[in-house]
Amino acid sequence: LSTDKTVKVLNILEKNIQDGSKLSALLNHNNDTEDEERLWRDLIMERVTKSADACLTAINIMTSPNMPKAVYIEDVIERVIQYTKFHLQNTLYPQYDPVYRVDPHGGGVLSSKAKRAKCSTHKQRVIVMLYNKVCDIVSSLSELLEIQLLTDTTILQVSSMGITPFFVENVSELQLCAIKLVTAVSKF
């Protein structure tokens, strides 16, 4: 592909990333029936998954060998980081570590040990798939940092994204990817 076509593809991917970058997969609609809520959650997760695929595609294009400088579009990189941070904090951390869950009914305050004791370890297949894709994105971002120099603001966002997983339980694969990311950031 020519550089112009590759840049156009990346701009289209950015729009797809933006589509799912602020959708919470943990919405709870109290007025809906179970079927309506399941359909609503399926629709949201479809958009979130499509956006994760767009993130991976964009990062894979940028980390391919011998890419021209025009391909490293700052807006696309920032959108990937924004998507990843949002879904780590609002979807994956609450699913994997109950300390990060918010009680929608405003129940009593439980200690972190009590919350973890009540937690079930069963995860929906689509959440596990999203978790694996986010791990791939974090790992690929570390490769991108070794290829392309990023702005200070972007480096701050990436470093906070790389450090946070160490304070979350049950995300060991993500922690391994975060080690790579933090190592790449520390080279700056």
Side-chain angles (χ1 to χ4, degrees), residues 6-7 9-10 13-14 16-18 20-26 45 48-101 112 116 121 123-188:
T6 306
V7 168
V9 167
L10 286 170
L13 288 171
E14 180 189 3
N16 282 295
I17 295 167
Q18 187 176 7
S21 65
K22 294 288 184 182
L23 292 174
S24 178
L26 303 178
M45 283 310 296
V48 167
T49 303
K50 177 188 67 152
S51 293
D53 290 335
C55 286
L56 281 170
T57 304
I59 292 290
N60 284 331
I61 289 171
M62 290 183 209
T63 57
S64 295
N66 304 319
M67 280 290 139
K69 290 286 182 190
V71 169
Y72 302 110
I73 303 169
E74 190 174 325
D75 290 342
V76 176
I77 295 168
E78 287 178 6
R79 189 75 67 197
V80 168
I81 294 167
Q82 176 187 21
Y83 171 89
T84 307
K85 282 186 75 168
F86 180 84
H87 285 290
L88 281 171
Q89 293 169 347
N90 296 295
T91 306
L92 297 175
Y93 293 161
Q95 281 291 315
Y96 282 84
D97 191 345
V99 170
Y100 289 85
R101 290 187 191 149
S112 59
R116 286 186 176 126
T121 57
K123 306 286 180 281
Q124 294 176 346
R125 187 176 61 87
V126 69
I127 295 293
V128 173
M129 186 174 60
L130 178 64
Y131 174 76
N132 290 329
K133 288 181 184 200
V134 167
C135 286
D136 289 343
I137 292 169
V138 170
S139 183
S140 296
L141 280 171
S142 64
E143 293 175 31
L144 181 63
L145 284 173
E146 294 175 9
I147 297 169
Q148 179 63 23
L149 188 63
L150 301 176
T151 64
D152 290 344
T153 308
T154 307
I155 293 295
L156 281 171
Q157 295 289 326
V158 168
S159 61
S160 72
M161 182 174 54
I163 292 171
T164 308
F166 298 108
F167 300 102
V168 181
E169 290 197 10
N170 304 318
V171 290
S172 56
E173 296 88 0
L174 181 62
Q175 290 170 343
L176 288 173
C177 296
I179 287 173
K180 255 177 84 172
L181 186 63
V182 171
T183 303
V185 167
S186 68
K187 292 180 183 178
F188 283 93

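Basis for what follows: all heavy atoms, side chains included, without hydrogens, waters or symmetry-related copies.
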| What ring pair (Phe, Tyr, Trp, His ring centres under 6.0 Å) pairs are there with at least one residue in residues 123-151, not counting sequence neighbours? | Y96-Y131
| note | Here the ring pair (Phe, Tyr, Trp, His ring centres under 6.0 Å) pairs for residues 141-160, sequence neighbours left out, are none
| query | If only atom types and distance count, is the side chain of D97 paired as donor or acceptor with the main-chain N or O of E169 below 3.5 Å? | reply | yes
| said: Donor-acceptor check, side chain of Y93 to backbone of V99, threshold 3.5 angstrom: yes or no? | reply: no
| said: D53: which residues meet the salt bridge (charged side-chain N to carboxylate O under 4.0 Å, His left out) condition with it, sequence neighbours left out? | reply: K133
| Listed by chain and number, what are the salt bridge (charged side-chain N to carboxylate O under 4.0 Å, His left out) partners of K22, not counting sequence neighbours? | none
What is the distance from atom [atom1] of [X] to atom [atom2] of [Y], rounded to the nearest 0.5 Å?
X   : Y   : atom1 : atom2 : value
E14 : C55 : CD    : SG    : 10.5 Å
N16 : T57 : CG    : OG1   : 9.0 Å
D75 : Q18 : CG    : CD    : 10.0 Å

| Results of ring-ring contact (aromatic ring centres under 6.0 Å, His included) for Y72 - residues two or more places apart only | none
| message | T91 and side-chain hydrogen bond (donor to acceptor under 3.5 Å, both in side chains): which single residue from Q89, H87, Q95 fits? | response | H87
Less than 3.5 Å apart, which donor and acceptor atoms pair up between the side chains of residues 60-70 and the rest of the protein, not counting sequence neighbours?
unit_1	atom_1	unit_2	atom_2	d
N60	ND2	L56	O	3.1
T63	OG1	I59	O	2.9
T63	OG1	N60	O	3.4
S64	OG	N60	O	2.7
S64	OG	I61	O	3.4

Taking side-chain hydrogen bond (donor to acceptor under 3.5 Å, both in side chains) as the definition, give me every residue that meets it alongside [X], ordered by chain and number, with sequence neighbours left out.
X    : value
Q175 : none
T151 : T154
N132 : none

| Least distance between heavy atoms, Y83 atom then S21 atom | CD1-CA, 3.6 Å
| request: Search all heavy atoms of C177 against all heavy atoms of C135 and return the closest pair with its distance. | output: SG-O, 3.4 Å
| request: With the side chain counted from C-beta on, respond yes when V76 and L13 share a heavy-atom pair under 4.5 Å apart, and no when they do not. | output: no
| field | Side chains of L92 and V168 in contact at under 4.5 Å (non-hydrogen atoms) | value | no
What pairs of donor and acceptor atoms, side-chain ones from residues 157-167 against any protein atom, are under 3.5 angstrom apart with sequence neighbours left out?
unit_1	atom_1	unit_2	atom_2	d
Q157	OE1	K85	NZ	3.0
S159	OG	I155	O	3.1
S159	OG	L156	O	2.9
S160	OG	K85	NZ	3.0
S160	OG	Q157	O	3.0
T164	OG1	S160	O	2.7

Can you give me every donor-acceptor pair (side chain of residues 136-149, partner residue at least two apart or in another chain, under 3.5 Å) with its distance?
unit_1	atom_1	unit_2	atom_2	d
S139	OG	K180	NZ	3.0
S140	OG	D136	O	2.9
S142	OG	S139	O	2.4

| request: Please list all pairs passing the salt bridge (charged side-chain N to carboxylate O under 4.0 Å, His left out) test where one or both residues lie in residues 152-163, with sequence neighbours left out. | output: none
